[in-house]
Amino acid sequence: MKIGIICAGDDEVAPILSMMKTEKISHKAMLKFYEGKLENQNIVTLFFGVCKVNAAIATQILIDTYGCDMIINGGTAGSMDKHLKPFDLVVSTKAVYHDVDEEILTDFHPWMKSCYFQADEKLLAMARKVAEKYMQNTPVFGTMVTGEAFIEENEKKKMIEKYEALSVDMETASIAHVCYVNEIPFLAVRAITDCADEEAKDNFEENCKKASEKSAEFVRLLLKEWKE
């Protein structure tokens, strides 16, 4: 078993790198891949930069070049739920694009039954076990939405109503998309940095480090529980 741990930014992957024993570093498609062990699991990790295409490129390389059997997306996200505050954890039960028409996914490749990419059931069960066993503040489980735009307040309300969204980011659904077509188990664990509004950029930069550490610790515990 080899597990890919994928993050958008360097601050997001930094706590993973600090926890793992790196055995090899290699480069492909202008990206740097770190191979090693974390909780005695074989992992490959990297940061790929913002946006859906970069995320998809990195995910496919993890599968094709590095032979990853499972992908975990760590990092940060903006809150779409008024009850979620900075540093709260969200675990994906499913992911969806907010800027891609549903018919593109259902009427064309990959001919999905709906626009939602479901998280792997076994990984979800492990995540719930980790939350119950280790976490004082249980993470929230639900829908992550993905799109390449900062969200205005009126759009935010529409997305919450349409998708019952908990968080928003620019990559999760595209990573889930690649995993779906490759039949690879996928799960996302993201910590909240901001409220996904006009002040999001400043809040993100201020809160990113601590939020990334929260996400990385949950990923570590997930790997520990997987081993056991």
Check: Quick one: does Asp120's side chain get under 4.5 Å of Leu187's, heavy atoms only?
Finding: no
Next item on the list: Output yes when a side-chain donor or acceptor of Ser79 lies under 3.5 Å from a complementary backbone atom of Asp81, and no otherwise.
Entry: yes
Item checked: Residue of the set Val96, Leu105, Thr146, Val178 for which side chain to side chain contact (heavy atoms under 4.5 Å, CB included) holds with Phe117 -> Leu105
Note to self: Quick check: closest heavy atoms across Ile16 and Ala216, and the distance to 0.1 Å?
What the structure shows: CD1-CB, 3.7 Å
Next item on the list: Check whether any side-chain heavy atom of Tyr180 sits under 4.5 Å from a side-chain heavy atom of Pro110, and report yes or no.
Entry: yes
Check: To the nearest 0.5 Å, what is the distance between CE (Met30) and CD1 (Ile57)?
Finding: 10.0 Å
Next item on the list: Using a strict 4.0 Å threshold on nitrogen-to-oxygen distance, state whether Lys210 and Glu213 make a salt bridge.
Entry: no
Item checked: Approximate separation, where rounding is to 0.5 Å, of Leu31 CG and Ile6 CD1 -> 8.5 Å
Next item on the list: Go through the steps to decide whether Lys224 and Glu39 satisfy the test salt bridge (Lys or Arg N to Asp or Glu O under 4.0 Å), and finish with yes or no.
Entry: CA-CA 5 Å; Lys224 179 180 179 180; Glu39 290 293 339; 5.7 Å; no
Next item on the list: Considering only NZ, NE, NH1 and NH2 on the basic side and carboxylate oxygens on the acidic side, decide whether Glu171 and Lys52 come within less than 4.0 Å.
Entry: no
Note to self: With a 4.5 Å cut-off on side-chain heavy atoms, are Tyr116 and Thr143 touching?
What the structure shows: yes
Check: Does Lys122 count as lying over the ring of Trp226, i.e. NZ or CZ under 6.0 Å from the six-ring centre, within 45 degrees of the axis?
Finding: yes
Item checked: Donor-acceptor contact present, side-chain Asn207 to main-chain Thr193, <3.5 Å -> yes
Next item on the list: Answer whether the closest heavy-atom distance between the side chains of Val90 and Met144 falls below 4.5 Å.
Entry: yes
Note to self: Measuring from atom NZ of Lys2 to atom CD1 of Ile71, what distance do you get when rounded to the nearest 0.5 angstrom?
What the structure shows: 11.0 Å
Note to self: Any side-chain to backbone donor/acceptor pair from Asp99 onto Glu148? Under 3.5 Å, distance only.
What the structure shows: yes
Checklist line | Min side-chain heavy-atom separation Lys94-Gln118 under 4.5 Å | finding: yes
Note to self: Between the side chains of Lys214 and Asp88, is the shortest nitrogen-to-carboxylate-oxygen separation below 4.0 Å, so that they form an ion pair?
What the structure shows: no
Next item on the list: Tell me yes or no: between the side chains of Ser26 and Tyr34, is some donor less than 3.5 Å from an acceptor?
Entry: no
Note to self: Between Thr76 and Glu12, do the side chains contain a donor N or O and an acceptor N or O under 3.5 Å apart?
What the structure shows: yes
Next item on the list: Taking atom types as modelled, find out whether Gln60 and Asn182 have a side-chain donor-acceptor pair closer than 3.5 angstrom.
Entry: yes
Margin query: For the residue pair Asp11 / Ser212, report whether a side-chain donor-acceptor contact shorter than 3.5 Å exists.
Written below: no
Check: What is the distance from atom CE of Met19 to atom CG of Leu17, rounded to the nearest 0.5 Å?
Finding: 10.5 Å
Notebook entry, point to check: Are side-chain heavy atoms of Cys7 and Phe48 found at a separation under 4.5 Å?
Noted result: no
Notebook entry, point to check: Any donor and acceptor pair, going by atom type alone, linking the side chain of Asp101 with main-chain N or O of Ile104 inside 3.5 Å?
Noted result: no
Check: So does Glu164 have more than 12 non-hydrogen atoms from other groups sitting under 6.0 Å from CD?
Finding: no
Margin query: Using a 6.0 Å cut-off, check whether atom CD of Glu103 has over 12 heavy atoms from anything other than its own residue.
Written below: yes
Check: What do the steps show when you test Lys158 against Glu161 for salt bridge (Lys or Arg N to Asp or Glu O under 4.0 Å), and what is the final call?
Finding: CA-CA 5 Å; Lys158 292 177 183 177; Glu161 291 175 0; over 6 Å; no
Check: Do Glu132 and Arg128 sit within salt-bridge range, that is, some charged N less than 4.0 Å from a carboxylate O?
Finding: no
Notebook entry, point to check: Any side-chain heavy-atom pair from Ile192 and Phe87 closer than 4.5 angstrom?
Noted result: no
Note to self: Can you confirm whether Thr45 sits close enough to Met20 that some side-chain heavy atom of one is under 4.5 Å from a side-chain heavy atom of the other?
What the structure shows: yes
Check: Taking everything shown except Lys157 itself, do over 12 heavy atoms lie less than 6.0 Å from its NZ?
Finding: no
Next item on the list: Step by step, work out the side-chain contact (heavy atoms from CB on, under 4.5 Å) result for Val168 and His98.
Entry: CA-CA 9 Å; Val168 61; His98 68 71; 4.0 Å; yes
